[in-house]
Amino acid sequence: MPIEPERRDMRKLLRAPTGAVDLAAIEPKSTPGLPDEADDDPKSWAREQVTAIGEHLSELQERLYAESKGGGRRRFLLVLQAMDCGGKDGTVRKVAGTMNPQGLRVVAFGAPTQSELKHPFLWRIRRALPSAGLIGVFNRSHYEDVLIVKVHGLVPANVLAARYDEINRFEAEQAREGLTILKVMLHISRNEQAKRLASRLADPTKRWKYNPADLAERARWDDYHAAYETALARCNSDDAPWYVVPADRKWYRDWAVANLLWETLDDLEPHYPKPDFDPSEELRKLAATT
Ligand code: ATP
Ligand code: MG
């Protein structure tokens with residue numbers, strides 16, 4: 001029998017603190033909000049819940065899409081950020097994957113191309129935003145422009161410093177134009193990253209995901225964390241809140257993100273549009289054709 005998941009208010013538990021953020025204070029193995037009923041076999045419990053929440057996500061997405069067909073302009077964006085091996089791809093597959101691919105726009109951001117670099121950093125981001133009725137998923141995002149760019153000093157300090165406010169203005173402007181933004185940092189430990197990198201190397205079917213340059217980034221772990229802490233502190237508005245999801249346990253990560261999506265989408269109450277025809281009249285006409 002299909003189970004009916006409970007709404008839990010995970011947004012309260014996982015919202016990045018306002019003011020200074022200390023990632024070291026958030027345990028990547030922790031499982032905030034996991035109920036006692038999950039204790040026997042948390043992994044299977046969480047997987048079953050994700051499937052059930054997925055049914056709700058699917059329906060909400062369809063309603064958002066239908067709403068746009070009636071002229072609605074609302075749209076949704078899930079931003080996923082993480083250190084390498086943080087589980088962004090897994091989250092896209094397991095959580096976003098519960099929804100109809102036609103209603104999704106998934107975009108991964110790598111290092112900008114030469115032609116992208118000729119434009120302001122938000123240029124390629126604007127072009128990738130979901131249109132009305134769609135749910136966008138960003139696998140990395142404009143935050144790379146204050147993360148890797150900060151760690152490697154890719155732009156002058158004053159340019160970098162201005163970006164936090166630029167991002168806030170951009171997100172507020174998008175929110176006014178009907179975009180609901182949910183930003184999630186998947187928070188893994190340094191040890192977990194080592195394990196995942198090792199398993200990429202050990203498994204011939206995963207080696208393609210490994211990049212020798214990943215080790216140079218790993219060596220800058222503390223700098224990355226400092227850059228994340230600044231980004232989370234500076235760009236955590238109610239228009240576009242940040243959530244930190246402990247992500248060493250993949251099943252918890254998926255369950256937590258599924259809940260965040262569900263709560264946020266459900267609050268939007270997307271509605272099917274009223275038909276601009278009379279269904280009984282149409283039925284009568286249809287009957288006349290048979
Ligand atoms: P995985 O976590 O599975 O390794 P990934 O997201 O790292 O996947 P890759 O194609 O390996 O995917 O890496 C994308 C790279 O592009 C990352 O190192 C990221 O920091 C970099 N990148 C993304 N946006 C920018 C940017 N604006 N400026 C510079 N580098 C960027
Ligand atoms: Mg990578």
Side-chain angles (χ1 to χ4, degrees), residues 28 77-97 105-129 136-157 159-164 166-167 170-171 183-232 234-235 244-248 250 253-254 257:
L77 178 65
L78 170 66
V79 170
L80 293 174
Q81 281 290 157
M83 302 289 282
D84 265 324
C85 300
K88 296 174 278 90
D89 291 300
T91 308
V92 172
R93 251 183 309 117
K94 296 281 178 41
V95 182
R105 183 169 187 203
V106 184
V107 183
F109 291 96
T113 61
Q114 283 307 315
S115 74
E116 284 173 340
L117 282 173
K118 292 192 183 118
H119 298 275
F121 74 101
L122 290 171
W123 180 80
R124 65 174 184 162
I125 303 297
R126 287 180 187 278
R127 288 161 57 97
L129 288 172
V137 181
F138 281 1
N139 179 339
R140 300 190 188 270
S141 65
H142 43 303
Y143 282 92
E144 292 294 321
D145 293 282
V146 291
L147 292 169
I148 187 170
V149 168
K150 179 173 196 267
V151 170
H152 287 264
L154 300 179
V155 297
V159 172
L160 178 78
R163 285 188 172 175
Y164 301 98
E166 272 181 80
I167 289 176
F170 164 67
E171 291 177 345
K183 301 184 299 202
V184 175
M185 182 210 178
L186 304 174
H187 178 44
I188 57 162
S189 62
R190 210 165 170 268
N191 266 344
E192 182 65 22
Q193 187 190 54
K195 271 197 217 156
R196 293 184 189 178
L197 285 170
S199 82
R200 285 183 180 187
L201 283 167
D203 179 348
T205 69
K206 286 191 189 166
R207 279 185 200 141
W208 62 275
K209 291 193 196 178
Y210 184 84
N211 177 348
D214 290 347
L215 292 187
E217 300 310 308
R218 175 172 165 79
R220 298 180 183 226
W221 185 272
D222 291 343
D223 294 342
Y224 269 104
H225 263 202
Y228 267 103
E229 287 171 345
T230 307
L232 292 169
R234 295 280 311 269
C235 304
V244 180
V245 169
D248 272 11
K250 295 176 179 173
R253 170 201 79 200
D254 294 342
V257 177

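Atoms within a ligand are numbered from 1 in the order they appear, just like the ligands themselves. Values below: every heavy atom of this structure, side chains too, minus hydrogens, waters and symmetry copies. Position 1 is the first residue of the sequence; numbering continues from there.
Distances below 4.0 Å separate heavy atoms of R124 from the following atoms of ligand 1: 24 (N), 25 (C), 26 (C), 27 (N). Residue-ligand proximity, C85 to ligand 1, at heavy-atom distances under 4.0 Å covers atoms 2 (O). Of all the atoms in ligand 1, the ones that sit under 4.0 Å from a non-hydrogen atom of V149 are 28 (N). Interface atoms of ligand 1 facing D89, defined by a heavy-atom separation under 4.0 Å, are 3 (O).
In this structure, atom 20 (O) of ligand 1 lies nearest to the protein heavy atom E144 OE1, 2.7 Å. Here the protein heavy atom with the shortest distance to atom 3 (O) of ligand 1 is R200 NH2, 3.0 Å. Summary of contacts: the protein heavy atom closest to atom 4 (O) of ligand 1 is D84 OD1, 3.0 Å. Among protein heavy atoms, the minimum distance from atom 16 (O) of ligand 1 is reached at A111 N, 3.0 Å. At the shortest separation from atom 27 (N) of ligand 1 among protein heavy atoms lies D145 OD1, 3.0 Å. At the top of the distance list for atom 8 (O) of ligand 1, counting protein heavy atoms only, stands K88 NZ, 3.7 Å. Shortest contact from atom 7 (O) of ligand 1 to any protein heavy atom: R140 NH2, 2.7 Å. At the shortest separation from atom 26 (C) of ligand 1 among protein heavy atoms lies P112 CD, 3.3 Å.
On a distance-only criterion, G110 and ligand 1 share at least one N/O pair closer than 3.5 Å.
Figure legend: cation-pi geometry between R124 and F109 absent, as NZ or CZ is not positioned both under 6.0 Å from the six-membered ring centre and within 45° of its axis.
In L147, neither the side chain nor the backbone holds a heavy atom less than 4.0 Å from any atom of ligand 1.
Under the 4.5 Å side-chain criterion, counting only non-hydrogen atoms from C-beta, V244 is in contact with L232.
For atom 1 (P) of ligand 1, a protein heavy-atom neighbour is found at a distance under 4.0 Å.
Within the 2.8 Å limit, D214 places no N, O or S atom next to the Mg ion (ligand 2).
In this structure, R127 places its CZ atom where only 12 or fewer heavy-atom neighbours from other residues, nucleotides or ligands lie under 6.0 Å away.
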